[in-house]
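Below is one structure; the comments refer to it alone.
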Amino acid sequence: MNLSNIFESTDFVHASGTKEELQVAEFLKAQCEALGVPARLEAFRVAMGEIESAHLFADGKEITCKAFNCCGSGSVEGELYYMPGTDPVSIAGAKDKIVLMDTQGVGFFVYQDLIKAGAKGIIFQYGNMYYPNTDIDQRDLREAVVGEERKVLCAMIHSSQAVELVKNKVKNIRLEVSQKEYDGESHNVIAELPGRRDEFIVLSAHYDSTSLSHGAYDNMSGCAGLLGIMEQLKGKELNYSLRFVFCGSEERGLLGSKAYVKEHKEELDKIVLNINLDMIGTYMGKFISCVSAEDKLAHYISYMAAEIGFPIEAKTGVYSSDSTPFADSGIPALSFARIASSNVAPIHCRYDVKEVMSMEQLQGDIDFLVKFIERFANAAVCPVAREIPEKIKKELDEYLARKRKEQ
């Protein structure tokens, strides 16, 4: 398999719910079929927004912004309130204000707190004021964040503009948004290598990018990893089947993996393990594994890596990727990643392109993963206990916003 071709063929922005995302899904399906492995697309709903116009005025002067998809339409005006923290005192000051935050987005509990406090609208910031470009990311107000609360208008500005708002002591903000909201589609790509047993291991990786990124590192690298594993293990006798799930819309809240576990509820008890790949194969970076299962699995990964001479840091916890919905469904899950410095291989921006990838390192990562996966696929009985430890359940509750994180 030509690894470089995978990155060259997907060297464009392919964000959730777009025709470009579907183009990449169809490309991945074709790659599976070229290896002689049948594949199919499974569609699922995603909330979409088409911004028709967005205007932000600071004391009457317009500044460039991008409204959040799915935040509604209309206009709102109020006093600017810069809120660097989310403590109760800071939240209380949001009443009847347009809130400026230091972040690029907002989680469930902070959003709920802001709405209950009476915030009129929210402004976020993106980028680095010392970089030559002034990109602004396109984000969405997620349904999981809004919950049962009302929507307020949200917009992103560049960090340099955010500093100017504070420096110039801007008093009044007016935000006007017009958009068409609709139900769109994203897709999971599913393929399988059969084994002797009825049970199977799910191998997952997401293929969507954010609105500015070509998504080479995050996460076409993981998809290339799945294809490389498929190529090496096809035709081999396996005890456990391997099901490959290329997930759509991960960048908008793990929507593809959430859709998969929801749509395949009746067969979840047949999944003995989920192995997820999210960002591998960069020139620089530390290879890690985050295990949402019993401690023994993290120890096993460390021991095996030491045995074959592959440096890795294995720990337990919850990883912000597609392994999480599987763990939340009671399936032992883990994510592998090669974590590079954001100064070397940044993500969610224009610099996540194929040039940050090392095909030699990617092949080395794939070779390690094949050794690991083949051991589990040919285990007489999957050795990982089918139970999620209490400490992991607690982290899942916090990550998935069912419980507030303890301070």
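Values in this document were obtained by computation on a predicted structure and should not be read as measured data. The figures that follow rest on heavy atoms only: side chains count, while hydrogens, waters and symmetry mates do not.
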- Query: Is there a side-chain contact (heavy atoms from CB on, under 4.5 Å) between Leu212 and Val13 once you walk through the steps?
  - Reply: CA-CA 6 Å; Leu212 297 169; Val13 174; 5.9 Å; no

- By ring-ring contact (aromatic ring centres under 6.0 Å, His included), which residues pair with His158, not counting sequence neighbours? none

- Query: Can you tell me if Arg252 uses its side chain to pair, donor with acceptor, with the backbone of Ala15 under 3.5 Å?
  - Reply: no

- Message: With heavy-atom distances below 4.5 Å as the criterion, would you say the side chains of Leu22 and Leu41 are in contact?
- Response: yes

- So, does Arg197 use its side chain to make a donor-acceptor pair with the main chain of Ala380 at under 3.5 Å? yes

- Item | Pairing of Glu164 and Lys61 as salt bridge, 4.0 angstrom limit | no

- Query: Does any N or O in the side chain of Ser221 come within less than 3.5 Å of the main-chain N or O of Ile280, such that one atom is a donor and the other an acceptor?
  - Reply: yes

- Criterion side-chain contact (heavy atoms from CB on, under 4.5 Å) on His55 and Glu62, from CA distance to verdict: CA-CA 7 Å; His55 301 282; Glu62 184 165 8; 2.6 Å; yes

- Message: For residues 337-364, which residue pairs pass the salt bridge (charged side-chain N to carboxylate O under 4.0 Å, His left out) check, not counting sequence neighbours?
- Response: Asp11-Lys354, Asp135-Arg350, Arg338-Asp365

- Task: Report yes or no: does Ser292 contribute a side-chain atom to a donor-acceptor pair with the main-chain N or O of Gly317 at less than 3.5 Å?
- Result: yes

- Less than 4.0 Å between a side-chain N and a carboxylate O, is that true for Glu267 and Arg243? yes

- Kindly say whether Ser211 contributes a backbone atom to a donor-acceptor pair with the side chain of Gln138 at under 3.5 angstrom? no

- Task: Determine, step by step, whether Ser321 and Asn276 satisfy the side-chain hydrogen bond (donor to acceptor under 3.5 Å, both in side chains) criterion, reporting the C-alpha distance in whole Å, the side-chain angles of both residues, the deciding distance to 0.1 Å, and the verdict.
- Result: CA-CA 8 Å; Ser321 187; Asn276 182 62; 2.8 Å; yes

- Message: Suppose we screen for ring-ring contact (aromatic ring centres under 6.0 Å, His included). Which residues come up paired with Phe376, at least two apart in sequence or across chains?
- Response: Tyr300, Phe372

- Query: Does the side-chain hydrogen bond (donor to acceptor under 3.5 Å, both in side chains) test come out yes or no for Glu237 and Asn378, once each step is laid out?
  - Reply: CA-CA 8 Å; Glu237 280 202 17; Asn378 282 316; over 6 Å; no

- Query: Between Gln104 and Met156, is any pair of side-chain heavy atoms under 4.5 Å apart?
  - Reply: yes

- Message: Go through it in stages, so that I can follow the logic: the residues are His348 and Glu251, the test is side-chain hydrogen bond (donor to acceptor under 3.5 Å, both in side chains), and I'd like the CA-CA distance, side-chain angles, deciding distance and then a yes or no.
- Response: CA-CA 9 Å; His348 302 170; Glu251 298 290 5; 3.1 Å; yes

- Side-chain donor or acceptor of Asp208 paired with backbone N/O of Glu250 under 3.5 Å: yes

- Query: Is the backbone N or O of Thr324 less than 3.5 Å from a side-chain atom of Asp328, with the two atoms forming a donor-acceptor pair by type?
  - Reply: no

- Query: Which class fits the ring pair Phe368 and Phe336: parallel under 30°, tilted 30 to 60°, perpendicular over 60°?
  - Reply: perpendicular

- Message: Is there a side-chain contact between Ser249 and Glu21 in this structure, where contact means two heavy atoms from C-beta onward sitting under 4.5 Å apart?
- Response: yes

- Stepwise side-chain hydrogen bond (donor to acceptor under 3.5 Å, both in side chains) check, Ser323 with Asn274: CA-CA 7 Å; Ser323 52; Asn274 166 239; 4.9 Å; no

- Query: Should the pair Lys393-Glu390 be classified as a salt bridge under the 4.0 Å nitrogen-to-oxygen rule?
  - Reply: yes

- Message: So does Ile63 get a backbone contact from the side chain of Gln161, meaning a donor-acceptor N/O pair under 3.5 Å?
- Response: no

- Task: Take Thr86 and Phe109 through the test side-chain contact (heavy atoms from CB on, under 4.5 Å) and record every step on the way to the result.
- Result: CA-CA 10 Å; Thr86 56; Phe109 287 115; over 6 Å; no

